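Being a predicted model, the structure only gives us computed values, none of them experimental.
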Amino acid sequence: MVNQFKTGIPGLDAMLYGGIPEKNQVLVSGGPGAGKTLLGFEYAYRNAKAGRKSVMFALEEDPKAVIANAKTAFPELTDIDQLIESKQLVIDSEASTGLYASDSESSEYSFGRLIAEIESIITQTGAKAMVLDSISLLDVLMSDKISYRRSMMAMTRNLKRLGVTSLLIAEMGNPDRAKLRFKPEFFIFDGIIIMYQTGDEAKRMPAIEVIKMRGAKHSFVTTPYDISPAGFRILAAEDVSAYG
């Protein structure tokens with residue numbers, strides 16, 4: 001039987017029939033403004049609150065900005081500072097210092113150095129939940145797509161070896177479901193969750209869908225969501241109470 005790792009977001013856990021299979025590496029992709037970073041933050045927060053050490057690597061923003069944005073979006077989550085002070089929740093961007101290659105090193109070497117730093121922090125913190133925001137920057141870092149996919153495969157294997165269950169965030173070119181296109185490297189990951197907009201131009205609605213989840217059954221229903229002061233409200237067709 002597969003051990004399930006709860007996201008802590010009730011509607012999402014219902015869509016996942018209980019949670020993400022433990023040690024899976026899951027891609028979360030969506031257009032600008034979909035709330036990908038906030039979803040990643042809430043995943044890390046909920047797991048930290050449940051007693052599992054969690055780390056979020058913010059490669060695009062300063063950690064202070066990530067925390068401030070989360071507090072603004074989720075004012076009812078009043079213990080964020082307490083979890084951070086106790087090191088139950090770690091928001092880190094130190095690894096981003098290795099993001100860009102210097103003139104004397106290849107992009108592949110720089111990518112490897114960045115991932116080594118991320119893995120070191122996971123080991124030091126003892127994290128069980130991890131968020132990487134975003135892998136789109138890693139795509140930019142490596143111009144050779146074959147090397148990029150090979151490096152991403154190595155990274156997901158190493159994260160699995162370290163025992164973390166991860167959300168890896170990526171930008172999606174078009175938030176319209178009808179125009180959804182998958183990059184080849186998306187299928188490296190154990191799971192794919194897409195956040196996009198449905199409906200016509202006059203009435204757009206944010207929605208979330210689980211495209212795949214290796215090793216587990218899941219909902220195939222495209223599900224509306226909104227972002228409330230207490231966190232994501234995902235209006236799952238499944239019985240949320242059954243997965244609490």
Side-chain angles (χ1 to χ4, degrees), residues 5-16 19-20 26-97 99 118 121-122 124-137 164-172 175 193-197 204-208 223-236 240 244:
F5 194 96
K6 289 186 179 297
T7 68
I9 303 169
L12 185 54
D13 283 331
M15 292 181 71
L16 294 167
I20 299 168
V26 178
L27 180 81
V28 177
S29 186
K36 302 180 297 298
T37 297
L38 288 174
L39 185 76
F41 180 91
E42 186 174 355
Y43 168 75
Y45 165 85
R46 297 291 178 190
N47 275 282
K49 192 173 176 67
R52 292 181 285 272
K53 290 191 175 182
S54 303
V55 60
M56 180 174 184
F57 296 101
L59 301 185
E60 298 188 53
E61 293 185 83
D62 184 271
K64 291 180 180 178
V66 172
I67 295 164
N69 290 338
K71 288 180 178 179
T72 299
F74 305 135
E76 293 184 18
L77 307 185
T78 58
D79 55 353
I80 291 174
D81 287 336
Q82 179 183 338
L83 290 170
I84 292 172
E85 287 168 7
S86 67
K87 300 190 184 302
Q88 194 69 16
L89 173 62
V90 176
I91 312 296
D92 190 279
S93 68
E94 289 181 8
S96 64
T97 59
L99 185 57
I118 288 172
I121 293 168
I122 290 171
Q124 290 168 20
T125 59
K128 294 301 179 185
M130 190 275 280
V131 178
L132 181 57
D133 184 17
S134 77
I135 66 167
S136 297
L137 283 183
V164 292
T165 305
S166 306
L167 298 186
L168 302 106
I169 294 170
E171 287 292 333
M172 188 167 67
I193 296 173
I194 304 293
M195 303 170 74
Y196 40 50
Q197 294 182 344
R204 292 287 188 179
M205 177 181 294
I208 190 167
T223 304
Y225 69 88
D226 62 24
I227 302 172
S228 79
F232 272 77
R233 281 197 326 128
I234 299 175
L235 308 178
V240 171

Between atom [atom1] of [X] and atom [atom2] of [Y], what is the distance when rounded to the nearest 0.5 Å?
{"X": "Ile169", "Y": "Asp133", "atom1": "CD1", "atom2": "CG", "value": "4.0 Å"}
{"X": "Thr223", "Y": "Ile208", "atom1": "OG1", "atom2": "CD1", "value": "8.0 Å"}
{"X": "Leu89", "Y": "Asn47", "atom1": "CG", "atom2": "CG", "value": "10.0 Å"}
{"X": "Arg46", "Y": "Leu12", "atom1": "CZ", "atom2": "CG", "value": "12.0 Å"}
{"X": "Lys53", "Y": "Lys87", "atom1": "NZ", "atom2": "NZ", "value": "9.5 Å"}
{"X": "Ile121", "Y": "Asp92", "atom1": "CD1", "atom2": "CG", "value": "4.0 Å"}

Handout entry: Set of ring pair (Phe, Tyr, Trp, His ring centres under 6.0 Å) partners for Tyr225, sequence neighbours left out
Key =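 Tyr225: ring pair (Phe, Tyr, Trp, His ring centres under 6.0 Å) contacts with Phe232.
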Any side-chain heavy-atom pair of [X] and [Y] under 4.5 Å:
{"X": "Pro32", "Y": "Glu171", "value": "yes"}
{"X": "Phe41", "Y": "Ile80", "value": "yes"}
{"X": "Ile135", "Y": "Leu27", "value": "yes"}
{"X": "Thr7", "Y": "Leu39", "value": "no"}

Practice task
Evaluate side chain to side chain contact (heavy atoms under 4.5 Å, CB included) for Ile234 paired with Val240, printing each intermediate quantity in order.
Solution key: CA-CA 10 Å; Ile234 299 175; Val240 171; over 6 Å; no
Handout entry: Test salt bridge (Lys or Arg N to Asp or Glu O under 4.0 Å) applied to Lys128 - qualifying residues, sequence neighbours left out
Key =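 None.
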Exercise for the section: Apply salt bridge (Lys or Arg N to Asp or Glu O under 4.0 Å) to Lys71 and list each qualifying residue two or more places apart in sequence or on a separate chain. Expected result: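 Lys71 satisfies salt bridge (Lys or Arg N to Asp or Glu O under 4.0 Å) with Asp81 only.
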Check [X] against [Y] and note the closest heavy-atom contact, atom names and distance.
{"X": "Tyr43", "Y": "Thr165", "value": "OH-O, 2.6 Å"}
{"X": "Gly231", "Y": "Glu42", "value": "CA-OE1, 3.4 Å"}
{"X": "Ala14", "Y": "Ala236", "value": "CB-CB, 4.0 Å"}
{"X": "Val164", "Y": "Ala127", "value": "CG1-O, 3.2 Å"}

Practice task
Step by step, work out the side chain to side chain contact (heavy atoms under 4.5 Å, CB included) result for Val55 and Ile118.
Solution key: CA-CA 10 Å; Val55 60; Ile118 288 172; over 6 Å; no
Is the backbone of [Y] close enough, under 3.5 Å, to the side chain of [X] for a donor and an acceptor to pair up by distance?
{"X": "Ser54", "Y": "Arg52", "answer": "yes"}
{"X": "Ser166", "Y": "Leu168", "answer": "no"}
{"X": "Lys36", "Y": "Ile194", "answer": "no"}

side-chain hydrogen bond (donor to acceptor under 3.5 Å, both in side chains) involving [X] - partner list, sequence neighbours excluded:
{"X": "Asn69", "value": "Glu61"}
{"X": "Gln88", "value": "none"}
{"X": "Lys49", "value": "Asp79"}

Practice task
Classify the side-chain pair Ser134/Glu60 by whether it contains a donor and acceptor separated by less than 3.5 Å.
Solution key: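 There is such a pair (donor and acceptor under 3.5 Å, judged by atom type) between the side chains of Ser134 and Glu60.
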